[in-house]
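What follows is a set of notes on a single structure, which appears directly below.
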Amino acid sequence: MRYLTENFSYVLELTREHLSLALLPLLLGLVIAIPLGTAIRRVRWLRRATLVIASIAFTVPSLALFVTVPTVVGLPILDPANVVIALTVYSTALLVRAVPEALDAVPEDVVDSATAMGFTPLRRALTVELPLALPVLLANVRVVAVTNISLVSVGALIGVGGLGELFTKGYQRDYPEQIVAGIVAIVVLALLFDAALYLAGRFLTPWQRGGTRRTRSRRATVELSEGPA
């Protein structure tokens, strides 16, 4: 990858831009989807309607949304906020489906115990349900994060796209090595961020690690007690 080594500072600058354009929509999507998904979870018709709307929003082609947002919001076509808004729509559409599903994975007996102890619905959601829903929710957050990192590159077609700029300039210059460098940089960025989220999930859910160790210990005990076949 000679291009990457010779243009490392330029690629690093594009990577910073790319990462900011991918992460801000993810954070905004979480801010919108967590309270919304929690609120609609037990209202069947509202949950169904929200999921239908979210599915429709996610099927809109990314390039079409990037081009439409400036007209609707009134921003200049080259404003990075257009990409942020469009990816926030996609992030919210995916996460608003994930939040109720993650909450559904929380054992009902735990929820009933919290209710019996006098927890209000808000306190129960914040201190019991959402923490226990983290493993499922974080798995979906990882998918959204990688999806955003991929979709940001499409923004290069309207002049805003971080590492996607390597694609457009490489195509214009007929320079395949620059295009390959962009692909490698985006893949590496996605893998690194996915790994970071995985490690964050392990740190935030220590009971999952304990459960895994106990399961392995029980399995080893059973195998030792049974002896060789």
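Given the structure is predicted, the values throughout are model-derived calculations rather than measurements. Below, each value reflects all heavy atoms present in this structure, side chains not excepted, and no hydrogens, waters or symmetry copies.
In Y198, the OH atom is not crowded: 12 or fewer heavy atoms of neighbouring residues, nucleotides or ligands sit closer than 6.0 Å. The 12-atom threshold is not exceeded at OH of Y171, counting heavy atoms of other residues, nucleotides or ligands nearer than 6.0 Å.
In this structure, CZ in R48 is found 13.0 Å from CD1 in I53, a value given to the nearest 0.5 Å. Rounded to the nearest 0.5 Å, atoms CG (L30) and OG1 (T92) are 8.5 Å apart. Summarising the geometry, atom OG1 belonging to T5 is positioned 8.0 Å from atom CZ belonging to R2; distances are rounded to the nearest 0.5 Å. If you take CG on L46 and CD1 on I40, they are separated by 6.0 Å, rounding to the nearest 0.5 Å. Note that the CG atom of L189 and the CZ atom of R16 stand 12.5 Å from one another [nearest 0.5 Å].
When side chains are defined from C-beta on, L78 does not count as touching I158, because their heavy atoms never get closer than 4.5 Å. Considering only heavy atoms from C-beta on, L4 stays 4.5 Å or farther from F8 through its side chain. By the 4.5 Å heavy-atom criterion applied to side chains, L36 and V99 are not counted as neighbours. Looking only at side-chain heavy atoms (C-beta outward), Y10 and L166 come within less than 4.5 Å of each other.
Closest approach of G29 to S91, counting heavy atoms only: CA-CB, 4.3 Å. Here the shortest heavy-atom pairing between R42 and E108 reads NH2-OE2, 4.3 Å. Of all heavy-atom pairs between I149 and H18, the closest is O-NE2, 2.6 Å. Nearest heavy atom pair, residue G182 against residue F167, reads C-CE2, 3.5 Å. In plain terms, the two heavy atoms of A133 and A102 that are nearest each other are CB-O, 3.4 Å. A33 and L95 make their closest contact through CB-CB, 3.5 Å (heavy atoms, listed as atom of the first residue, atom of the second, distance).
No continuous path of ILVMFWY side-chain contacts below 4.5 Å connects V96 to L94, so the two sit in separate hydrophobic clusters. A single hydrophobic cluster is not seen to contain both L12 and V152; linkage of ILVMFWY side chains at heavy-atom distances under 4.5 Å, directly or through other members, places them apart. Cluster annotation: L191 and L23 are assigned to the same hydrophobic cluster (Ile/Leu/Val/Met/Phe/Trp/Tyr, side-chain heavy-atom contacts under 4.5 Å, transitive). In the hydrophobic clustering of ILVMFWY residues, with side-chain heavy atoms under 4.5 Å counting as a link, V31 and L137 come out apart. Hydrophobic clustering of Ile, Leu, Val, Met, Phe, Trp and Tyr side chains at less than 4.5 Å, counting indirect connections, keeps I32 apart from V143.
Legend: residues meeting side-chain contact (heavy atoms from CB on, under 4.5 Å) with L134, ordered by chain and number and at least two apart, are L138, L204, T205. Residues that satisfy the side-chain contact (heavy atoms from CB on, under 4.5 Å) test with E17, not counting sequence neighbours, are L14, L21, V160. Take T127 and apply the side-chain contact (heavy atoms from CB on, under 4.5 Å) test, not counting sequence neighbours, and it matches F119, R123.
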Donor-acceptor pairs under 3.5 Å, side chain of residues 61-76 to any protein atom, not counting sequence neighbours: which ones?
from: T68; atom 1: OG1; to: A64; atom 2: O; distance (Å): 2.6

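Residue P25 is tested with V144, V89, L87, L151 for a side chain to side chain contact (heavy atoms under 4.5 Å, CB included); the sole match is L87.
Side-chain N or O atoms of D174 include none that pairs as donor or acceptor with a backbone N or O of G170 at under 3.5 Å. In terms of modelled atom types and a separation under 3.5 Å, the side chain of E129 and the main chain of L103 share no donor-acceptor contact.
Between D112 and R124 there is no salt bridge, since no side-chain N of the basic residue sits under 4.0 Å from a carboxylate O of the acidic one.
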Practice task
Please assess Q178 against Y3 for the test side chain to side chain donor-acceptor pair (under 3.5 Å), listing each intermediate value before the final yes or no.
Solution key: CA-CA 6 Å; Q178 188 173 9; Y3 180 87; 3.0 Å; yes
Handout entry: Residue pair L163, S153: steps toward the side chain to side chain contact (heavy atoms under 4.5 Å, CB included) verdict
Key = CA-CA 6 Å; L163 290 167; S153 58; over 6 Å; no
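For residues 36-63, the ring-ring contact (aromatic ring centres under 6.0 Å, His included) pairs, not counting sequence neighbours, are F58-Y90. Listed by first then second residue, pairs satisfying salt bridge (Lys or Arg N to Asp or Glu O under 4.0 Å) with a partner in residues 81-97 number zero, not counting sequence neighbours.
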